[in-house]
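Step one of this worksheet: look at the structure below.
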Amino acid sequence: MNEFFSIALRDPFHVGAFAPSSRYVLRRVLRAVPSPARRVIELGAGDGALTRALLARADLTALSAVEPNERLVSSLRQISDPRLTVHQND
């Protein structure tokens with residue numbers, strides 16, 4: 001979480017949130033994703049909180065995470081899961 005704030009303060013025009021997603025927000029988003037959800041595209045994956053939560057779902061076969069911030073992309077690429085593809089894009 002500290003990395004998220006550090007990046008947000010340094011590069012506020014490439015971070016679309018003031019704080020990482022809370023557990024409450026994650027639960028709400030996960031409930032909104034239909035089941036089964038085979039493939040998901042996550043736009044603005046940020047620090048990967050939702051990415052990790054989505055990957056915890058057994059029914060998910062592929063997740064494409066899109067993030068414009070280079071440092072956050074680097075963090076996302078450290079998530080070791082063969083279902084995850086990370087894209088850097090503005």
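These figures come from a predicted structure and were not determined experimentally. Heavy-atom basis, side chains included; hydrogens, waters and symmetry copies ignored.
In this structure, the separation between CD on Glu67 and CD on Gln88 is 8.0 Å, given to the nearest 0.5 Å. Within the model, atoms CG of Leu76 and CG of Asp47 stand 8.0 Å from one another, a figure rounded to the nearest 0.5 Å. Rounded to the nearest 0.5 angstrom, Glu42 CD and Thr85 OG1 are separated by 12.5 Å. Interatomic distance, Asp81 CG to Leu55 CG, rounded to the nearest 0.5 Å: 4.5 Å. Atom CG of Leu84 sits about 12.0 Å away from atom CD of Gln78, to the nearest 0.5 Å.
Between Leu50 and Leu30, some side-chain heavy-atom pair lies under the 4.5 Å cut-off. Pro36 places none of its side-chain heavy atoms less than 4.5 Å from the side chain of Arg57.
Judged by distance alone, with hydrogens and angles left aside, the side-chain atoms of Arg28 form no donor-acceptor pair with the main-chain N or O of Tyr24 at under 3.5 Å.
The heavy-atom pair separating Thr51 from Ala65 by the smallest distance is OG1-CB, 4.5 Å. Heavy atoms only, all atoms of each residue included: Ser35 and Asp59 are closest at OG-OD2, 3.4 Å. Thr61 and Arg83 get closest at one heavy-atom pair: O-CG, 3.4 Å.
Grouping the Ile, Leu, Val, Met, Phe, Trp and Tyr side chains by contacts below 4.5 angstrom, directly or via other members, places Val29 apart from Leu72. Follow the hydrophobic side-chain contacts under 4.5 Å out from Val40 and you reach Val73 in the same cluster.
Tested against Leu63, the residues Leu54, Val86, Ile41 include a single side-chain contact (heavy atoms from CB on, under 4.5 Å) partner, Leu54.
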